[in-house]
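Note sheet for the following structure.
Only heavy atoms go into these numbers, but all of them, side chains included; no hydrogens, no water, no symmetry mates.
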Amino acid sequence: DQQVKQNSPSLSVQEGRISILNCDYTNSMFDYFLWYKKYPAEGPTFLISISSIKDKNEDGRFTVFLNKSAKHLSLHIVPSQPGDSAVYFCGGLTGANNLFFGTGTRLTVIP
Amino acid sequence: EAQVTQNPRYLITVTGKKLTVTCSQNMNHEYMSWYRQDPGLGLRQIYYSMNVEVTDKGDVPEGYKVSRKEKRNFPLILESPSPNQTSLYFCASSLPGLQNTEAFFGQGTRLTVV
């Protein structure tokens, strides 16, 4: 049973506009949520995280929002750039340091 | 340069022939783990290790073994590979504790079992 779900396999956005990637989870015991970005032929790289006790974390063009009551988080990228085109994985981290990932969303930023 | 190194990057093997994928990190991280990435299933954890000589099963451990004899290395062993283990494998390492949420991933090993 998938504990972290990314229901949109792909997303296309015009350069300069906002990209919003969504993620839902079922495990109430996650202590942190993380976003990773993955380019082809490379390993995932860490992008941004948020503690389960926060509702927002911002790092430059990237902002993650957490809605615990809805068990939903989202990643906002503003403004989107062509170099942001990649697969984005949402993950939930337990207290035992186990990281559960969603299935990923492929973002394409169109110049 | 801080990194996680996996070898080999690509491997084609036959069913039943034992193989080992090596993983090494130079960041002195206690925590290491293995994932497999499959279409439509995302990244799923196979095994993890909290420290030397401490390993535990992840989500999909069947058909795999690991060992952690030293801190920097965490090899993944397939004793008798089968075609359903054809996948893209990633090793990752991180510091323990929730304050260290960033995991560093290797570049991946694409395994094909025929």
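Surrounding CZ of R44(B) are more than 12 heavy atoms belonging to other residues, nucleotides or ligands, all under 6.0 Å away. More than 12 heavy-atom neighbours from other residues, nucleotides or ligands sit within 6.0 angstrom of CZ on R61(A). Residue-environment remark: NZ (K71(A)) exceeds the threshold of 12 foreign heavy atoms within 6.0 Å.
Between Y36(A) and E102(B), the shortest heavy-atom distance links the atoms OH-C, 3.8 Å. Of all the heavy atoms in L99(A) and Q45(B), the pair that sits closest is N-NE2, 4.2 Å. Between Q37(B) and F89(A), the shortest heavy-atom distance links the atoms NE2-CZ, 3.6 Å. Smallest separation of non-hydrogen atoms from Q2(A) and L41(B): NE2-O, 3.9 Å.
With hydrophobic clusters built from ILVMFWY side chains whose heavy atoms lie under 4.5 angstrom apart, Y89(B) shares a cluster with V60(B). The hydrophobic clustering, which links ILVMFWY residues whose side-chain heavy atoms are closer than 4.5 Å, places Y64(B) and L19(B) together. Linking ILVMFWY residues whenever their side-chain heavy atoms come closer than 4.5 Å, directly or via other members, leaves I46(B) and L88(B) in distinct clusters. In the hydrophobic clustering of this structure, I20(A) does not group with V13(A); members are Ile, Leu, Val, Met, Phe, Trp, Tyr whose side-chain heavy atoms approach within less than 4.5 Å, directly or through other members. The same ILVMFWY cluster, assembled from side-chain heavy atoms under 4.5 Å apart, contains both V4(A) and F33(A).
When G108(B), G106(B), A92(B), G42(B) are compared by the number of non-hydrogen pairs under 4.5 Å with chain A, G42(B) comes out ahead. In terms of heavy-atom pairs under 4.5 angstrom with chain A, the leader among Y35(B), F90(B), Y31(B) is Y31(B).
F105(B) contributes atom CZ, which lies 10.5 Å from atom NZ of K38(A) (distance to the nearest 0.5 angstrom).
Heavy-atom distances place no part of D38(B) under 4.5 Å from chain A, backbone and side chain included. If you measure heavy-atom distances from L43(B) to chain A, the contacts under 4.5 Å come from both the backbone and the side chain.
Contact residues of residues 101-109 of chain A toward chain B are F101(A), G102(A), T103(A) (heavy-atom distance under 4.5 Å). Within residues 43-58 of chain A, the residues having any heavy atom under 4.5 Å from a heavy atom of chain B are, by residue number, G43(A), P44(A), F46(A), S49(A).
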